[in-house]
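The sequence lines fix the lettering, A, B, ..., with proteins before strands; numbering per chain opens at 1.
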There are 2 protein chains.
Amino acid sequence: MRKESSTNLENEVQINASCGMAYTLDLIGGRWKPTILWRLLNCGSLRYSKLRKSMPNISERILILQLRELENDGLVSRMIFPEVPPRVEYKLTELGLRLEPVLRLLSDWGDANRPTGD
Amino acid sequence: MRKESSTNLENEVQINASCGMAYTLDLIGGRWKPTILWRLLNCGSLRYSKLRKSMPNISERILILQLRELENDGLVSRMIFPEVPPRVEYKLTELGLRLEPVLRLLSDWGDANRPTGD
DNA sequence: CTCATTACTTACATTTATGTTAGTACTATA
DNA sequence: TATAGTACTAACATAAATGTAAGTAATGAG
């Protein structure tokens with residue numbers, strides 16, 4: 001939950017409104033969003049259970065939270081199939097797909113510049 | 001301060017080690033780092049006081065904290081001039097400069113895709 | 001009736017990020 | 001002596017992000 005007013009929030013809002021970089025990072029940042037976006041980018045469309053199994057260390061609560069945020073930000077769409085047991089598929093929206101070059105560059109830069117493990 | 005062990009930290013370490021995107025975002029993410037990096041990128045070298053005056057809403061403590069983290073991560077260098085009053089200049093290292101295309105792409109994407117204010 | 005499957009939700013707890021306020025050492029200048 | 005400028009630091013406080021454990025509704029299979 002977020003407070004309705006706090007210096008913290010005011011700063012966030014103001015920076016996101018004035019700095020494109022901060023805005024983009026706010027959309028894709030956080031512990032798990034990069035991984036989620038990467039999976040959706042590479043798989044096209046993923047059922048919730050499959051996405052979850054591909055990320056063994058995230059808790060269900062957090063996964064759902066992140067998916068909801070991505071959905072609210074317009075990057076991911078959620079499609080419910082009226083079946084039993086339920087089936088819900090997530091995929092990138094058009095806006096989300098537009099992130100592809102950004103995600104690839106971030107990934108490449110990290111792989112190229114991360115200190116090696118030896 | 002960070003705990004020496006927690007699921008939270010373990011997840012962070014593990015993701016950063018396996019996902020280039022997460023690693024990059026960890027370096028440049030957070031409330032103020034994008035702005036700091038942007039200033040240094042455009043100004044070349046900045047004295048602490050000038051940097052601070054260009055960011056009226058950040059508290060000194062946080063600014064110093066972010067600068068220290070950027071320095072520890074090798075993106076920013078800190079040069080002390082033995083004068084009185086003290087003078088300290090910050091600038092991007094070679095590694096930091098390598099981020100330029102990443103930062104520009106993030107900035108351009110945000111400016112292009114941020115919902116307009118009307 | 002019992003159990004399994006799916007996509008969640010709820011209540012709670014901990015960890016991390018960010019912010020506030022005051023203070024420091026040094027020296028030049030008035 | 002008092003004041004101002006610089007680049008910080010310390011103690012404290014709050015907000016936000018992340019994690020844990022358990023529970024739910026619907027239905028088909030056995």
Asker: The side chain of Arg61(A) is closest to which nucleotide in this list: dT5(C), dA11(C), dT18(C)?
Answerer: dA11(C)

Asker: Can you tell me if Arg68(A) touches the phosphate of dA7(C), counting only side-chain N or O atoms and a distance under 4.0 Å to OP1 or OP2?
Answerer: no

Asker: Between Asn11(A) and dT18(C), does any side-chain N or O lie under 4.0 Å from OP1 or OP2?
Answerer: no

Asker: In whole Å, what is the span from the CD atom of Glu83(B) to the P atom of dC8(D)?
Answerer: 13 Å

Asker: Write down the distance between CG (Leu46(B)) and P (dA7(D)), rounded to a whole number of angstrom.
Answerer: 11 Å

Asker: Name the closest nucleotide to the Pro86(A) side chain, picking from dC8(C), dT18(D), dA7(C).
Answerer: dA7(C)

Asker: Kindly compute the distance separating CD (Glu69(B)) from CH2 (Trp32(B)), expressed to the nearest 0.5 Å.
Answerer: 14.5 Å

Asker: So which one's nearest nucleotide on DNA chain C is more toward 5', Glu69(B) or Arg52(A)?
Answerer: Arg52(A)

Asker: Could you state the CG-P distance from Leu9(A) to dA17(D), rounded to the nearest angstrom?
Answerer: 9 Å

Asker: Taking all non-hydrogen atoms of both residues into account, name the closest pair between Arg98(B) and Trp109(A) and its distance.
Answerer: O-NE1, 3.2 Å

Asker: From C-beta outward on Ile62(A), which listed nucleotide comes closest to its side chain: dG19(D), dT6(C), dT20(C)?
Answerer: dG19(D)

Asker: Just so I know, are the side chains of Glu89(A) and Leu46(A) near enough to count as touching, which here means a heavy-atom distance under 4.5 Å?
Answerer: no

Asker: Would you say dC8(C) has OP1 or OP2 under 4.0 Å from some side-chain N or O of Arg78(A)?
Answerer: yes

Asker: Name the nucleic acid region contacted by Ser59(A), choosing base, sugar-phosphate or nothing; use a 4.0 angstrom heavy-atom cut-off, strictly under.
Answerer: base

Asker: Can you measure Arg87(A) atom CZ to dC8(C) atom C1' for me and round it to whole angstrom units?
Answerer: 17 Å

Asker: Report yes or no: does Asp26(A) contribute a side-chain atom to a donor-acceptor pair with the main-chain N or O of Ala22(A) at less than 3.5 Å?
Answerer: no

Asker: Where the side chain of Tyr48(A) is defined as all heavy atoms beyond and including C-beta, which of dT6(D), dA7(C), dT18(C) is the nearest nucleotide?
Answerer: dA7(C)

Asker: Rounding to a whole Å, what distance do you find between Ile28(A):CD1 and dA17(D):P?
Answerer: 16 Å

Asker: Give Glu60(A) one of three labels, base, sugar-phosphate or nothing, depending on what nucleic acid heavy atoms sit under 4.0 Å from its own.
Answerer: base

Asker: Without decimals, in angstroms, what is the distance between Glu10(A) CD and dG19(C) P?
Answerer: 10 Å

Asker: Side-chain contact test, heavy atoms from C-beta onward, threshold under 4.5 Å: evaluate it for Ile64(B) versus Gln66(B) and give yes or no.
Answerer: no

Asker: Taking only side-chain N and O atoms of Ser49(B), does any of them lie within less than 4.0 angstrom of OP1 or OP2 on dG5(D)?
Answerer: no

Asker: Rounded to the nearest 0.5 Å, how far does CG of Leu105(B) lie from OG1 of Thr24(A)?
Answerer: 8.5 Å

Asker: Using heavy-atom distances to pick each residue's nearest nucleotide on DNA chain D, tell me which of Lys53(B) and Gln66(A) is more 5'.
Answerer: Lys53(B)

Asker: Mind calculating the distance between CG (Leu63(B)) and P (dC8(D)) to the nearest angstrom?
Answerer: 9 Å

Asker: Please report, rounded to the nearest Å, how far the C1' atom of dC8(C) is from the CZ atom of Phe81(A).
Answerer: 17 Å

Asker: When you get a sec, tell me which of dT5(C), dC8(D), dG5(D) is the closest nucleotide to the side chain of Pro85(B)?
Answerer: dG5(D)

Asker: dT6(D) base to Arg47(B) side chain: any donor-acceptor pair below 3.5 Å?
Answerer: no

Asker: Which nucleotide wins on minimum distance to the side chain of Ser6(A), given the candidates dC8(D), dA16(D), dC8(C)?
Answerer: dA16(D)

